[in-house]
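Within every chain, numbering begins at 1; the chains are lettered A, B, ... in the order of the sequence lines, protein sequences first and strands thereafter.
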Amino acid sequence: MFNISAFSLYDAVFIVIAGVTLLAALGVVLLPNIIYSALSLILTFLGVAAIFFQLNSGFIGVIQILVYAGAISILILFAVMLLMNIEPGRTNLPTTRLKALFAGGGITAMFLTALIAAIGFTKWPQLQLITTDNSVEMLAEAMLGDYVIAFEAAAILLLASVIGAILIAKGVQEK
Amino acid sequence: MIEFILPNAWLIPFLPFLGFALIALFIHRWPKISAGVSIAFIGTAFIFSLLVASAVFSEPGGAVYEFTTRWLEMSGLKVDMGLLLDPLSAVMLIVVTSIATLVQIYSIGYMKEDPGFASYYAYQSLFAASMLGLVLSNNFGQMFVFWELVGICSYFLIGFWFGLPSAKNAAIKAFVTNRVGDFGFLLGILFLQIIFGTLAFSGLAEAVPEYTNMAVLVPVALLLFLGPMGKSAQFPLHVWLPDAMEGPTPVSALIHAATMVAAGVYLVARAFFIFSSVPEAMTVIAVIGGFTALFAATIALVQNDIKRILAYSTLSQLGYMMMAMGVGAMTAGMFHLTTHAFFKSLLFLGAGSVIHAMAGEQDIWKMGNLHKKMPVTTWTFIIGALALAGIPPLSGFWSKDEILLGAFASGHYGLYILGAFVAFLTAFYMFRLIFVAFFGSNKEGEHAHESPGVMTMPLIILAVAAVFVGFVNSPFMHHVFGEFINHPMGIQPHPSSMIMISSSLIAVAGIVLAWLIYQKQAISHLAIRERFKGIHQLLQNKYYMDEFYARMGQIFVYGAAQVMFWFDIHVINAFVDLLARFTGKSGDTLKYTEDGQVQNYALYMVAGALILVVVATMAAVSVIA
Amino acid sequence: MEHLITNLFLFFTNWLVSLGLPPVWADTALLIVKWTLIVIIIILNITILIWLERKVSGFFQERLGPNRLGPFGAFQTIADAIKLMTKEDIVPCAADKLIFKTAPMFFIVVSVLLYTVIPMGKDLQVIDMNVGVLFFISIGSLSTIAILMAGWGSNNKWSLMGAVRSVAQMVSYAIPLAFSLLGVVMITGSMNLQDIVEAQKNVWFIILQPIAFITYFIAATAELNRGPFDMPEAEQELTGGAYTEYTGMRWALFFLAEYTNLVAVSALMATVFLGGWQGPWLPSWLWIIIKTYGIILVFFWVKWTFPRIRMDHLMSFSWKFLVPVTLANILLTGAGIYFFQWIGWC
Amino acid sequence: MIGLPHYLLLGAFLFSIGLFGVLTKRNAIAVLMSIELMLNAVNINFVAANKYVAVNDVTGQLLAIFVIVVAAAEIAVGLALIISIFRQRKTVELNDFNLLKW
């Protein structure tokens, strides 16, 4: 399977990005300090964005950076800073209940096995990566054409969630 | 200019809408500017309408322009929107824009003191925009949208003085009553979409006549007719229109006499291809129209409120138009719509002028001798009344005559007699109003004063129109109107001098009777009232329709509530109790799995998903193997 | 002159290929060379800029500015740089050391990354990306994280407060910033910066989109944390905001990154609104430098002329004024495009 | 050499890491962050499948955009809820969110 002559720069870049992304993702879950978790979450987002760039979908990549790395991660960092009331090094520990820990780990392992098995056993046709990136125009066409209702619904969802978030976070004013 | 306006006819409804938006958003603080903007925009729309009409009527038989664009498209649903410019819509455009312009000019004087001056003009503009949009729609879907917009504008305008409980209630009543009709209308539209796959008039006009399954088409046509029934206030749904007079009088003139209530008639004319292929529906329309005409005319005989008399008269005339549609005389119906729009708005504006002069007094018995102080109002009002009564050669004569002729020629003799009788009643109650209010002996009218020029000018213009509009479909002008506005399925009989003469005589008889009773006082109206006390009571109370509705509502709602109460207690409640007991028992047993830990729930969820994945994989493997 | 730099690049890659390197690797090497060049240019440029700002601000305030070292005090910055480099590197003991040390590096990397898509001349661009404008905005939004890291890592209340202010300000102003550029993107029909430059062959977008230019300028001032929107650093009340605890080279990195951002934003503004590298007689890469410096001088002017604005005014100015105005501009642009298509001008 | 399966595998690993986080973390914000990981994994699958399979179609990328939109909404409301709970209970530990416990 592994053929050194077919190994290209593209593959090397992929392996590096994927490795960094996965390490950062492990960091999110395993680091005991939630600030570090949040920062490595940002690194994961950037890694996923890099994966998108490598897939020649620059638009999604840029959106990924803009929305996830630029906005969502800031929200998370703010929330973390607002909600810290114990020492930072103990903010993101795994659950104390061993049963839950083992059950979670076991289920995750089984799930991963099932997924890997599914990917491995599927007969993938020899597919080539589409290298053209005219996706911005096509995305615009699709978004405001066939999927316009979904687009509107997403807009309304965002509006509703913004208002909801503000109201919930503000809390009830005690008179 | 004409080349420009045809593809850009959307400007006609758009301009008033722009006016509405400007007033509502920016300039409502300056009432005078608001009024000016509103009038300027509707006036421009009027000029555009004239241009459109000149283009449409330049070809024999009328040119038809249709412009369609795709509004939104996705797999399985295509929604078009478009403009339809044909003689029918051109006539309606002119009627709506001209009367709206005059009414808005008139309102400068009438609404002068009102604190809501600017918002009044905003509503007026919005109404004009929606009405014009309705007229220009080329499909049922778009039309329905504007139909509802018109309804909401009517609601706003009836309830314009929402501080008065009566105005508020009238607005709600109008809205709710219209909902009943609109619900049926919407159902009809949906059925059309399901059956024919299109809502465009052009597409339906081809498809409907070839469709033979009457068991489907009859209910669809009747459902569609429910919309006009509500909007044009036909018999069971008529109750809102008289109450709608709580709104400002120019509103009554524009909306509840000339334009919005005519939308129902317009719809029937627009969808004539559907109704005319369903004879049963035609009969229903004719009977309901005729009945409404008679029913409302009789009520109008005994009303004392000047606006209510006119309101019932409007009802009656709308019934007339519907009757014309029903007997197949589509041309006559549309013609009557056009002429009626002019003289009825004239009458309403005249009534408004009187009310304005009398400082809000609406009871005709408290007026009198107005003709000395208000000559312009009086004489224009009389012209309008003569036109309504059908005195030749005023406009009402020609159109009313055509309707009677249509009823006669299509063999509906009963309806013909009914129509002639209604014409008699019309002449009578209109001149009862005139003799009592304008020439009566009461001294109250002495304090009146003529309205300012900004109010009398529209009256004069409308009076001129009321005299001359009728000629477009008279034998003198070779029935020009009918040449453009007709339908192959409609009937267009040759004029008959017998019917003309008889109907004129009937009208004159009505006027003479009114003169005898109310002016000459040869017959005491009080004596008549005493003699026919029962009937008078019945008419005075509008056949107790409102009370009837209220009573029926109470009986049915209360009765149904009784039944449901029993059902609820003995069936549903028992079942629910059973469920509750079951739930309680099972909850007692199962509660120990619910430990309040979100993650445990997530764990169960993922485990379930995992089981599904494994089962599916095994199934797939077994299929392959 | 025009093709001087491109020819040099071409020569370099051809040389590498002739040495037997695969073209892909040669391109990669060229990319590295380009980045190195950019970093060198940035550092040189900023040395000049810092001197220029001090001099210009001095003149604004009727002072002389630096005037001892070298002609017109031109070597002052170099002396400062030497001072900063030799200073002791202090890390507060209560600080979160890892975050404290990473923040300046992250900041400078993000700032340099901004230059990826800016066309610095005809055919002179690191990567010609079809979503260039959006890329610029999204990378720009990353610098908030660096500031937040600096503020948190310092474990000092002034730092944290400055960082939180700064982030709130930058997140708020990122919205009008992006919306202002949208008008231009709508007219061009492309987010590629080269296309945008090409589209200004006849008329600059500052004329077609004056509102967008002004809103972009305001939003960019706030994004850059420059005066009069320099609340986050406000020395008088916050003792320097997020950078309070930083000294020596780390502080210099922040300083450097801020100026890097300033140049990048000005260059983008020149590209998007002032016709980019287009101009007569001079070579294209000189034109963009001239235009960029012109805009930077305006930034200096604004900073040293207006007083600082209160934080709540700052926020409500963005949400209640700039965002509606930019939205209205988008609406207007759409209507205008439709109108011009309708009368057949484009 | 790198092909669609590798991207899918990356997605699978990322998803599993996120899943592990959701099931075992104590801190509510950490759970939200893990959910973001899972959503990102899904996005990788969408975009990769789109880029390898569909030549003239962008449905996969479009779905990814919608996922991002929903994620943004989710994180905003989720964090607001956590803040609201924190105000009441002074903690973000999921174990302490036990008002609904029997």
Side-chain angles (χ1 to χ4, degrees), chain A residues 25 28-32 34 37 76 79-80 83 90-125 137-157 168, chain B residues 10 25 68-82 139-142 144-145 148-149 186 189-190 193-194 197-200 590-625:
Chain A
V28 174
V29 178
L30 298 180
L31 285 172
I34 193 150
S37 287
I76 290 176
V80 165
L83 307 182
R90 298 174 42 78
T91 41
N92 195 17
L93 296 176
T95 175
T96 41
R97 294 169 307 144
L98 274 182
K99 210 173 71 178
L101 195 63
F102 281 117
I107 286 279
T108 308
M110 284 185 333
F111 206 90
L112 186 61
T113 322
L115 282 179
I116 292 175
I119 295 169
F121 287 125
T122 311
K123 289 254 179 294
W124 299 100
E137 288 90 350
M138 284 168 69
L139 272 173
E141 293 284 335
M143 206 185 274
L144 298 175
D146 283 355
Y147 294 88
V148 66
I149 298 282
F151 176 73
E152 299 285 347
I156 292 168
L157 172 76
I168 294 169
Chain B
W10 54 268
L25 293 177
T68 313
T69 55
R70 178 76 18 108
W71 176 49
L72 69 89
E73 179 175 359
M74 64 183 94
S75 38
L77 180 67
K78 294 183 173 59
V79 184
D80 287 341
M81 58 181 190
N139 63 65
F140 270 114
Q142 194 183 339
F144 185 75
V145 172
E148 291 296 328
L149 271 175
L186 183 58
I189 291 176
L190 293 179
Q193 170 76 39
I194 291 166
T198 176
L199 290 178
L590 289 174
K591 71 181 173 188
Y592 299 104
T593 60
E594 302 295 304
D595 53 3
Q597 296 297 324
V598 186
Q599 280 158 320
N600 284 359
Y601 302 153
L603 193 66
Y604 303 147
M605 210 168 77
V606 176
L610 188 63
I611 290 167
L612 278 182
V613 168
V614 171
V615 168
T617 318
M618 280 161 69
V621 168
S622 69
V623 166
I624 295 166

What residues, two or more places apart in sequence or in another chain, satisfy ring pair (Phe, Tyr, Trp, His ring centres under 6.0 Å) together with A:F111? D:F15
Please look at A:A118 and chain B and tell me whether the side chain, the backbone, both or neither of the residue comes under 4.5 angstrom of a heavy atom of that chain. neither
Please determine, among B:V606, B:V613, B:L603, the option with the most heavy-atom pairs under 4.5 Å with chain A. B:L603
So how far is it from A:L112 CG to B:L610 CG, rounded to the nearest 0.5 Å? 11.0 Å
Heavy-atom neighbours of A:F102 CZ exceed 12 at 6.0 Å: no
Taken in chain and number order and not counting sequence neighbours, the residues that satisfy side-chain hydrogen bond (donor to acceptor under 3.5 Å, both in side chains) with A:S37 are A:N92
